[in-house]
Amino acid sequence: MITVLYFAWVRDRVGTDAETLALPAGVTTLGALLTHLASLSPRHANALARPELLRAAVNQLFARPETPIAPGDEIAIFPPLTGG
Amino acid sequence: MITVLYFAWVRDRVGTDAETLALPAGVTTLGALLTHLASLSPRHANALARPELLRAAVNQLFARPETPIAPGDEIAIFPPLTGG
Amino acid sequence: MTRLKISVQAADFDLAAEYAAIATQPGIGGIGCFIGQVRAGSDLISLTLEHYPGMTEKALHAIAHQASQRWPLHAITIIHRIGTLTIGQPIVLVLAAAAHRHAALSATQFLIDWLKTDAPFWKQERFSDGGSHWVEARQSDQQARQAWDIPLG
Amino acid sequence: MTRLKISVQAADFDLAAEYAAIATQPGIGGIGCFIGQVRAGSDLISLTLEHYPGMTEKALHAIAHQASQRWPLHAITIIHRIGTLTIGQPIVLVLAAAAHRHAALSATQFLIDWLKTDAPFWKQERFSDGGSHWVEARQSDQQARQAWDIPLG
């Protein structure tokens, strides 16, 4: 199982701030996970349609599409940061 | 008459913080005034011996050796600035 | 050793108290400081700041660590507020103390530049007509962050 | 219009009060600040700060004017103390407020860089053995001031 967190407008569009799911066979990178998540529902598809607008972290470290993921990971998907 | 002010170690060496004197004929620039002041006493000579260590203002504006001076002016002579 | 204080909090911060807490460290000659606050904009009522609990604190520590590798700093303080803030209210406080002014002020600038792009905060604006939207990241912030890594020669 | 406060004074300043006095100006998004204080050194007991009354205030106004020509600033505060100050005591406060952080922090750096070389203050150090000497100007301060006028291209 993995935990997926959504923040800011990604959360608004997906409609939840966190979900727990099984990692499908063959999904071993963040990029592959994004494709899988987009297939879960029309809301997911809409929220994740433009990966160039998204940023992500794996286990609270910034990650790229090729970053490996494994069961037990905490993955967060969010827009570019706007603090300060 | 002109007023000459001394600050920091220039004042310590000259032994006074201000003096009023007549502008001798022919002394029309700050550089010429410095030469004249150095002739007034051994203390003046010692304080003003190394012009490269001195800075000056005429009427409270930073000045250079060629800056003109005239009766009524306030001339200040001091070391490089060390505030802040 | 750099004295480090990092806090993510809803409450306002006390500038005088934060300054006093670091100013007495021995060897400090200069303290740089930056305060960001909610700037009035057309019909803006408030900002709501969201963050990623857990990761935010790690990211701020990593940014402070970067700064302390680049300059000899005696103290770093970063306080970032979350929740809803109205116009004029403070959002973020950065303090950096060093023996000399250049290190203190450069580190202050570095810390806020990196915080903008490397700490997981998001701002939502609310307007007087009832509307709201998520603030978009600015390209200039990314450039300011990257400028710290451009070789000078 | 830049709100300007310039003061040369023996008394300490109140950082919180000076910050509060400018933070409420409309349109401010960032406030940069620098505080210089007496740094402990081998056997140093105190610094005595002397200045050129009349010229100092003019010079500080000229420096503030330069800054307000270079950045869109909402407020500038410069407070410089004179007299005898012991280790750890604050010497100078610079505040600069603007819509954006870059202007606020750049102006803060500019103001303290120029103050070091263009405002008529002199420091005398006193030591525990009874000796004293006038601090010498640093070449690095002159370079920092001049760096503001190096063309970038």
Side-chain angles (χ1 to χ4, degrees), chain B residues 1-21 29-31 33-34 37-38 43-84, chain D residues 6 8-9 34-39 47-63 78-83 85 90-94 108-125 132-145:
Chain B
M1 303 298 280
I2 57 169
T3 303
V4 183
L5 309 176
Y6 304 104
F7 291 97
W9 59 253
V10 182
R11 178 199 53 236
D12 294 350
R13 293 189 193 176
V14 172
T16 183
D17 60 358
E19 54 192 342
T20 301
L21 58 142
T29 65
L30 177 63
L33 176 66
L34 270 180
L37 291 171
R43 297 194 67 147
H44 284 80
N46 173 50
L48 308 176
R50 298 182 59 192
E52 73 275 17
L53 298 183
L54 300 174
R55 302 291 181 270
V58 173
N59 297 326
Q60 304 191 349
L61 292 173
F62 293 108
R64 299 166 53 85
E66 62 271 24
T67 301
I69 54 172
D73 283 352
E74 174 179 297
I75 290 98
I77 302 170
F78 43 77
L81 314 179
T82 58
Chain D
I6 285 173
V8 180
Q9 60 188 48
F34 178 78
I35 293 153
Q37 62 182 37
V38 182
R39 187 177 61 252
L47 278 186
T48 298
L49 277 137
E50 175 178 334
H51 79 126
Y52 181 174
M55 182 171 171
T56 311
E57 292 78 0
K58 283 182 195 171
L60 293 176
H61 273 92
I63 293 166
I78 305 174
I79 301 178
H80 200 298
R81 296 178 69 189
I82 50 173
L85 303 174
I91 302 170
V92 60
L93 170 68
V94 169
T108 301
Q109 176 98 53
F110 175 93
L111 289 164
I112 188 67
D113 279 353
W114 277 47
L115 186 153
K116 288 258 175 190
T117 58
D118 285 46
F121 292 99
W122 300 273
K123 286 196 190 94
Q124 189 175 36
E125 295 178 328
S132 70
H133 80 88
W134 291 95
V135 174
E136 283 187 38
R138 288 186 302 193
Q139 185 65 22
S140 61
D141 285 335
Q142 200 61 43
Q143 286 162 353
R145 193 270 204 213

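We name chains A, B, ... by the order of the sequence lines, and we start the count at 1 in each one.
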Novice: Between His80(D), Lys58(D), Lys123(D), who has the most heavy-atom pairs with chain B when the cutoff is under 4.5 Å?
Specialist: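 Among the listed options, the one with the most contacts to chain B is Lys123(D).
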Novice: Taking 4.5 Å as the heavy-atom cut-off, does anything in residues 71-81 of chain B contact chain D, and if so which residues?
Specialist: Glu74(B), Ala76(B), Phe78(B), Pro79(B), Pro80(B), Leu81(B)
Novice: For the candidates Ala119(D), Gly36(D), Ala59(D), which exhibits the highest count of non-hydrogen atom pairs separated by less than 4.5 Å from chain B?
Specialist: Ala119(D)
Novice: Tell me, do Gln124(D) and Asp12(B) make a side-chain contact under 4.5 Å, heavy atoms counted?
Specialist: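 Yes - at least one pair of side-chain heavy atoms lies under 4.5 Å apart.
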Novice: Is it the side chain or the backbone of His133(D) that comes within 4.5 Å of chain B heavy atoms, both, or neither?
Specialist: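 The answer is neither part of His133(D).
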Novice: Please flag which part of Leu5(B) lies under 4.5 Å from any non-hydrogen atom of chain D: side chain, backbone, both or neither.
Specialist: side chain
Novice: Are there more than 12 heavy atoms of other residues, nucleotides or ligands under 6.0 Å from atom CD of Gln9(D)?
Specialist: yes
Novice: Nearest 0.5 angstrom please: Arg11(B) CZ to Trp134(D) CH2, how far?
Specialist: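 Here the interatomic distance stands at 5.0 Å.
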Novice: Would you mind checking which part of Gln142(D) comes under 4.5 Å of any heavy atom in chain B, side chain (CB onward), backbone (N, CA, C, O), both or neither?
Specialist: neither
Novice: What's the spacing between Lys116(D) NZ and Thr82(B) OG1 if we round to 0.5 Å?
Specialist: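 It comes to 8.5 Å.
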Novice: Which answer fits Ala57(B), side chain, backbone, both or neither, if we ask what part of it has an atom under 4.5 Å from a heavy atom of chain D?
Specialist: side chain
